[in-house]
Structures are given as C-alpha cells and as structure tokens.
Amino acid sequence: MIGVANGQPVSISGLGCHVPERVLTNEELSTLVDTSDEWIVTRTGIRERRIAAQDEALSDIALPACKDALEQAGVPPAEIDLVLVATVTPDMAFPATAAILADELGMPDAAAYDLSAGCTGFMYAIAQAYGMIAAGLVEKALVVGGDLLSKILDWTDRSTLVLFGDGAGAVVLERVERGGFLGFELGADGGGGAHLWLPGSGSRHFDDPDKFVKMNGREVFKFATRVMVTSAEAVLEACGRSVDEIDLYVQHQANVRIIDHATRKLGIPDEKVVIDVDRYGNTSSGSIPLALADAAADGRLRPGALVLMTGMGAGLTWGSALIEWTHDTNGAPR
Ligand SMILES: CC(C)(COP(=O)(O)OP(=O)(O)OC[C@H]1O[C@@H](n2cnc3c(N)ncnc32)[C@H](O)[C@@H]1OP(=O)(O)O)[C@@H](O)C(=O)NCCC(=O)NCCS
C-alpha cells in the first residue's frame, strides 16, 4: 500500500519513551550462552540492552512514555479518542494493552486496540491513526510502539538472545495547520513469515510447548537490506521528495549493518542517521519511537525537519513514513 496524505494535515505533537532500568551487557550475555562482546558488536553493533523485570509487563513500561507524550503535546488524557498499541508482546492476548492503558490514563471515550505487525508495528499504527484523524473519525490519537521481547526469547539460544531488548515509545497525533505526514508505504510478505515466527502463540499451534521466537537470521538480513531501501525510495517518490531533502533518517534499529547498508544505498550522510541500537538492541515496535526520542534529545528533531522513518519485521512486513516535523519535541523525556 502506498498513499500520499491529503486533506487536513496531521502531525505528531508529543513524544515520550521509556525503557526498563536493568541494563544487560554483552559481557553478561556471554556468561549465559556461547557468545562474546566482540562477536555481537562486530555482527550487530549492539553493546547493551534493557531488560524488563519479572513482574513488569508492556503496559508498565509504556505508561510513563504515554504520560510524557501527552504532557509534551499539552493534551489532557480525556481528549484522546483513539489509543493504538503496536506490539507482539501485549500484557496478554486480551484485554488489549491499549484498553489497559486507556483505563490507567483516564480516557473513557477512546477506542482502544492492539495491532500486530512485528517490528513494523509502529509504522502501521501511525498510518492507521493518521487515516482515522484525516477522515474525521477521531480528533486526537495516542499511538504506542513497544515490546518486551525478553519475555518471549529462548534464553539458551544465542542466535536470537543477543539481538533483542525491551522498550516502548508513544506519540500523540492530531490535526495541524500545515506540515505533518506527507505519505506512507506499507507492505507484507506472508510467504516469508516462517523466517521469523513464534510457534505456540496462537490457534494454529496452540499445543506447541515452544513459546519462543524462532528466526532464520540470514534470510531476515537479506529481506531487511532489500526492503529498507525499496520502501524508503517508494515513499519518497510518491511524495515527490528527494533523498537530498531528508534532514533525519530514522530506521528500525535491528542491526547496525542493516542500518549502514540502507544509509549507503540511499546516499544519506551519516550525520542525518539516528543510531541507538548499540544501547537498546532491537526493541521491535519500540525501536522507531525510541530513536525519535533519541534524536529529539540531541536536538536533531526540530520543527521543519523532513523526517524519513522506515521499519521492517515479522510478517514479514515493512513500512515507511515521511513527515515534516511540526512541533518542538526537543528534549523529549526519557
Ligand atoms: C543474526 C545475524 C546477526 C547473524 O549474523 P551473520 O553474519 O549472518 O552470522 P551467521 O548467521 O552467518 O553466523 C555466523 C556464525 O556465528 C555463529 N553465531 C550465531 N550467533 C552467535 C552468537 N550470538 N555468538 C557467537 N556466534 C554466533 C553461527 O552459529 C555461525 O557459526 P558457523 O559459521 O560455525 O555456523 C544477522 O544474520 C542478522 O542480523 N539478521 C537479521 C536479524 C534481524 O534483524 N531480526 C529481527 C528483524 S525485526
């Protein structure tokens, strides 16, 4: 799907993110499985990640991010009429984590549901919220991207364990006078789904005792290096913008080699690229909002900036959005 924004402009007016306190370093991981800091850094760029406590669920990590985003937007919770949570690790299958958060935040009039599109979830969710606001169905939306993948990893499998971390981000979307979202490109290839999947997680393999992430890393790597480029090119072309116009390039933080590959192929200078995979690992749906908050904190996410976001993940899915940033979100709380 590819679409160019039309009608009343819609933008992001508030941004927040939150990660668990516990830092897990590569050195510590190498005491759990047969790996090394050198292997992990060379192959992925990851140095450490955050891991949720045993009694922490997604809503616990997402709640502070939501509060920060709302405060920054200056939007009282009761004015939110849509809560969307992109995740593959909700508190539970139902009730939706979005409904739990809407209750905790005090949003009695909001529609609230979760959305599953793997690590691309945040891109899908902002596209959907954009569409509902632009169509006039809702006025203000709270969109959360977050995952606690540590809960569904096999802690004896070095091929997946070293890659992922926990975290969440939230954004408030609302109508603006000008600027905001320019277009979206989203896609899915279910044929490649078996390269990154969670057996025993639903009605197909409900009696499968294996509740952990399975991944064919090399196939996912090939897929990622392809779609990160094609999706970005597609949204730029649809919006009539060129690579040279991009001020900030925010990619899904899976592996610094994937990030570097797409950056080089597109010809985007390094200083316009956000990288925090070294500190957080791959936080799935949390990755793009966390990276936005990182860029806000270092002053690169400023009003007027043309921001390209691209993600990819289980499904296999991918997605890009182009936005002309409108609000002063510098120093977004973390
Ligand atoms: C997983 C990934 C880092 C592996 O890197 P790679 O360069 O492709 O490495 P390979 O899979 O070829 O493995 C090379 C060797 O390292 C070994 N290895 C795998 N994980 C290891 C680890 N954590 N520590 C040490 N060695 C490891 C492999 O067993 C293999 O050994 P062998 O050659 O004796 O068989 C890379 O394929 C990748 O990033 N894929 C994309 C994954 C992803 O982003 N998933 C989420 C998408 S949202």
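Counting starts at 1 for both ligands and their atoms, in listed order.
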TODO: May I ask you to test the Leu153-Phe212 pair for a side-chain heavy-atom distance under 4.5 Å?
DONE: no
Open item on the list: When you measure from the side chain of Arg300 to the backbone of Val273, do you find a donor-acceptor pair of N or O atoms at a distance under 3.5 Å?
Closed with: yes
Open item on the list: Once you measure the plane-to-plane angle for Tyr130 and Phe184, does it fall in the parallel (<30°), tilted (30-60°) or perpendicular (>60°) bin?
Closed with: tilted
TODO: If you have a sec, work out which protein heavy atom is nearest atom 24 (N) of ligand 1 and how many Å separate them, to one decimal?
DONE: Thr35 OG1, 2.6 Å
Open item on the list: Taking the basic N atoms (NZ, or NE/NH1/NH2) and the acidic carboxylate oxygens, is any pair closer than 4.0 Å for Lys265 and Glu233?
Closed with: no
Open item on the list: For the 3.5 Å polar cut-off, considering only N or O atoms, please tell me whether Ser36 and ligand 1 meet it.
Closed with: no
- [ ] Consider only side-chain heavy atoms of I, L, V, M, F, W and Y, link residues closer than 4.5 Å, and tell whether Val88 and Ile51 are in one cluster.
- [x] yes
Open item on the list: Does ligand 1 come near enough to Trp39 that some N or O of the ligand is less than 3.5 Å from an N or O of the residue?
Closed with: yes
Open item on the list: Please work out, at 4.0 Å between heavy atoms, whether the side chain, the backbone, both, or neither of Ile40 comes within that distance of ligand 1.
Closed with: neither
Open item on the list: Using a 4.0 Å cutoff against the non-hydrogen atoms of Val162, which atoms of ligand 1 qualify?
Closed with: 23 (N)
Task: Where ligand 1 meets Cys119 - atom numbers and elements under 4.0 angstrom, heavy-atom basis - done: 48 (S)
Open item on the list: Between Asp278 and Arg47, does any NZ, NE, NH1 or NH2 come within less than 4.0 Å of an OD or OE carboxylate oxygen?
Closed with: no
Open item on the list: Any nitrogen or oxygen of Gly313 lying under 3.5 Å from a nitrogen or oxygen in ligand 1? Just yes or no.
Closed with: no
Task: Protein heavy-atom partner closest to atom 42 (C) of ligand 1 - residue, atom, separation in Å - done: Met215 SD, 3.7 Å
Open item on the list: Pairs of nitrogen or oxygen atoms closer than 3.5 Å, one from Asn255 and one from ligand 1: do any exist?
Closed with: yes
Open item on the list: Students should be able to answer this: which protein heavy-atom is nearest to atom 40 (N) of ligand 1, and at what distance?
Closed with: Gly217 O, 2.9 Å
- [ ] Please check if any side-chain donor atom of Thr25 sits under 3.5 Å from a side-chain acceptor atom of Glu48, or the reverse.
- [x] no
- [ ] With the side chain counted from C-beta on, respond yes when Met123 and Thr120 share a heavy-atom pair under 4.5 Å apart, and no when they do not.
- [x] yes
Task: Donor-acceptor side-chain pairing of Thr263 and Gln251 below 3.5 angstrom - done: yes
TODO: Look up atom 19 (C) of ligand 1 and tell me if a protein heavy atom lies less than 4.0 Å from it?
DONE: yes
Task: Pair Lys214 + Asp210: basic N to acidic O under 4.0 Å - done: yes
Task: Any non-hydrogen protein atom less than 4.0 Å away from atom 34 (O) of ligand 1 - done: no
Task: Side chain, backbone, both or neither: the part of Phe221 lying under 4.0 Å from ligand 1 by heavy atom - done: both
TODO: For atom 29 (O) of ligand 1, decide whether some protein heavy-atom distance is shorter than 4.0 Å.
DONE: yes
- [ ] Would you mind listing which atoms of ligand 1 come within a distance below 4.0 Å of any non-hydrogen atom of Arg43?
- [x] 6 (P), 7 (O), 9 (O), 14 (C)
Open item on the list: Below 3.5 Å, N or O to N or O, backbone or side chain included: is there any such pair between Asn282 and ligand 1?
Closed with: no
Task: Verify atom 2 (C) of ligand 1: protein non-hydrogen atom under 4.0 angstrom away - done: no
TODO: Starting at CD1 of Ile268, measure out to CG of Leu248 and round the result to the nearest 0.5 Å.
DONE: 9.5 Å
Task: Ligand-residue contact atoms, ligand 1 with Arg257, heavy atoms, under 4.0 Å - done: 5 (O), 7 (O)
Open item on the list: Is it the case that atom CD in Glu271 sees more than 12 heavy atoms from other parts of the structure closer than 6.0 Å?
Closed with: yes
Task: Which of the ligand 1 atoms, numbered from 1, are nearer than 4.0 Å to a heavy atom of Ala254 - done: 44 (O)
Task: Part of Thr44 with heavy atoms under 4.0 Å of ligand 1, whether side chain, backbone, both or neither - done: side chain
Task: Distance from atom 47 (C) of ligand 1 to nearest protein heavy atom, with residue and atom - done: Val220 CG1, 3.7 Å
Open item on the list: Between the side chains of Asp294 and Arg279, is the shortest nitrogen-to-carboxylate-oxygen separation below 4.0 Å, so that they form an ion pair?
Closed with: yes
Task: Protein heavy atom at shortest distance from atom 17 (C) of ligand 1 - done: Arg158 NH2, 3.6 Å
Task: Taking atom 8 (O) of ligand 1 as the reference point, the nearest protein heavy atom with its distance - done: Arg218 CG, 3.8 Å
Open item on the list: Protein heavy atoms near atom 12 (O) of ligand 1, is at least one of them under 4.0 angstrom away?
Closed with: yes
Open item on the list: When you compare the side chain of His195 with that of Phe223, does any pair of heavy atoms fall below 4.5 Å?
Closed with: no
